[in-house]
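Comments concern the structure below.
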Amino acid sequence: MSTIEKDNENLSDGAAEEVKTKKEIRAEKRAKLKKEKEEKKKKRLPLRRNIDNNIFALAQVWGTSKSYFIIYYLMTFLNAPLEFLLYTYLIRLIVDSVEGVGWSIDAIFAYIFIVGGAAILIWIVSNYYWNAISGIYSEKINHALRRKLYKKATEVDLACYETPEFYDKYVKAMDETQERVRKVMQTLDNLIWNIITLAMTSFLIFTIDPFLIVFALIPLLLGFVRRKANVLNHDQNSERKPINRKFSYVRRTFYLGEYSKEMRMGSFFPRQLQMLAEVRKNYNDLTKKYGPKLAICDFIKNFGLEAVTVLGATLYAVWRTIGDGQGGMTMGDCLIVLNSISSISYALSTMVQYLAEFNEHALYIEDVRYFLAYEPTIKEDPTAPEATRGDIEFKNVHFKYEGAEKESLKGINFRIADGERIALVGRNGSGKTTLVKLLLRLYDPTEGEVTLNGKSAKDYRLSSWRALFGSVFQDFKLFSLSVKENVLHRLPREGDDEAVTEALKESGAWSKIETLEHGIESTMTREFDDEGVNLSIGEQQKVSLARIFAEKTPVVVLDEPSSALDPIAEHKMFENMIKATEGRSVIFISHRLSSAVLADRVYMMEDGEIIEEGTHHELMEKNGKYAEMFHLQAKNYTSGGEDNG
Ligand code: ADP
């Protein structure tokens, strides 16, 4: 039994405790470490790409507003030397003057007036610029970025939403872009400031005693230690997150009302205490793992910076001024050295920090670039011919969702003749919505094709193809815009009001909308408008249905349009729909088979295939699955039960 021990790590997941040999545990740990290392490696970008990505961010600013870009850095180019002249070089002038080897007092006063005056002038201008003007410029840049990103967001294939890796990049791009571009500008600004300060101070020190530069260069080496410490801190924080989550979960069970009954009636307390003990152990393990390494980094960093650089340079300067090396340095030079050496070492060590920041920015911008460079497979070709109404046909269409194991559509063949009304019926998950998504070209078939008047859907211009259809989905979304805009799905034009009102009457929403103070101009939801309206889900569905009545598209597609309506409203809606869509093709999915009676042709789907087709009467006569489902629903209705469509 000595080679067997419990795997404590699994306790936290509440999983069954596994029993493993020590050898297995060691192998697992090694594999985990290897994986972590590989993942970190994957995160690193080649230097070229690193620079490219940062330039890409800067180019976004330059491309949108050159004047903002120039003024942003011009301030630094002016401010950094002035600060040096005012705080560092002035000391030298004063001390040299006191020692009688420098300028006259009048010249120093003139220097202070000129340099100080210039500094004050620039401060006033930059203060006004940063507070009153730069916000407008940066919004201009943000706006340009958002336009690019959001336009892309409406173009990417829906399949992308099913690819976690792409989706991750997409969300990050949306969340991060603005902030990252700002950060790249800021890091470059800090770097420029550092370089100017360094160049001027180093030159000054070099003119005093070239050997002093050796002390100043030490922090450059220590910058790598600083970087290592950053990486360690970052890793430690990442590993702390799951422990924090566990801790916050246990805490919640103690203070949230929703757990209070179970906590009192059961004996959870000892189990929760056990979890708290695990949390403590996990935190301690982290400290043991990272603490010593961080301590070493800190020691080297501080020892190098404080002891070697600052104290070393100070000792050397004092030695050259009043010690055995007396005469090598004036009192003024000595003071300059004491004053400058720490700012040089600080500037050098933070320089490495800024390079690490560029590296981090590059990783985020990589995601943004990946997203922006994404070429959708279903895309607009302005040279392709316009789609016009006609017969639509599915020819041996197969479809499998990204990452799914099995096909959602298998060899679908069916035809929607121009002006025909079609009902798609079948149990949940049989493939009806997927078929509709392919019809609208939200997805393209993985095999087979959809045609219009004998020509593949892919050969028509995408926007004209989609414009053929007026559609309402079961999971419809209304926007925080006016009722009118929600009906039209576009910017309103003059003379739209009447059509919108008529459409709302036909969809059954008018009785509610006419009671609103602002009628069809009312804003949906109160999110941005205190006078906005919150409608019930049934009323919302009626508003979204009005779309098919307002726009006379050649084809109407309804995916469970009546799911939130009561049976009376549903019946009325279908009656109106039949009237309003006279001469137009209609494809509707309804889980209540009573509405399928209205269709010219019914297609019954099961497991991604069409298993029965015909008119309602033909299918009832056939007495197959459709008839069975119809009878079952009729029975449920009369006995007040749920339908099962
Ligand atoms: P219905 O509209 O008849 O209820 P769907 O067309 O929504 O059926 O679904 C058909 C099949 O495709 C189901 O097995 C469902 O789980 C699967 N499916 C639907 N959407 C996705 C998706 N985005 N990713 C993977 N599988 C999906």
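The figures that follow rest on heavy atoms only: side chains count, while hydrogens, waters and symmetry mates do not. Remember, it's 1-based here, ligands and their atoms both numbered in the order they're listed.
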Give the atom numbers and elements of ligand 1 that come within less than 4.0 Å of a heavy atom of Thr434.
5 (P), 6 (O), 9 (O), 10 (C)
In the complex you have, is atom 15 (C) of ligand 1 within reach of the protein, judged by whether a heavy-atom distance drops under 4.0 Å?
no
Quick test: of every protein heavy atom, which one is nearest to atom 18 (N) of ligand 1, and how far off is it to 0.1 Å?
Tyr401 CE1, 3.3 Å
For ligand 1, which atoms have a heavy atom of Asn428 less than 4.0 angstrom away?
4 (O)
To the nearest 0.5 Å, what is the distance between CD (Glu366) and CZ (Arg49)?
4.0 Å
Do Ser463 and Glu380 have side-chain atoms, one donor and one acceptor, less than 3.5 Å apart?
yes
Examine ligand 1 and decide if any of its atoms is less than 4.0 Å from a heavy atom belonging to Gly426.
no
Taking only heavy atoms of Ser430, which atoms of ligand 1 are found under 4.0 Å from at least one of them?
1 (P), 3 (O), 8 (O)
Please confirm whether Lys432 comes within less than 3.5 Å of ligand 1 when only nitrogen or oxygen atoms on both sides are compared.
yes
What I want to check is whether the side chains of Asp157 and Tyr374 have a donor and an acceptor closer together than 3.5 Å.
yes
Does the plane of the ring in Tyr626 sit parallel, tilted or perpendicular to the ring in His616? Use 30° and 60° as the thresholds.
perpendicular
Give me the ring orientation class for Tyr170 and Phe371: parallel if the planes are under 30° apart, tilted from 30 to 60°, perpendicular past 60°.
tilted
Supply the atom-to-atom distance Arg441 CZ to Lys458 NZ, rounded to the nearest 0.5 angstrom.
7.0 Å
Would Ala404 count as a polar contact of ligand 1, with the cut-off being nitrogen or oxygen pairs under 3.5 Å?
no
List the closest protein heavy-atom neighbour of atom 17 (C) of ligand 1: residue, atom name, distance to the nearest 0.1 Å.
Ser408 OG, 3.6 Å
State if Arg427 counts as touching ligand 1 under the rule of any non-hydrogen atom under 4.0 Å.
yes
Quick one: does Glu447's side chain get under 4.5 Å of Pro445's, heavy atoms only?
no
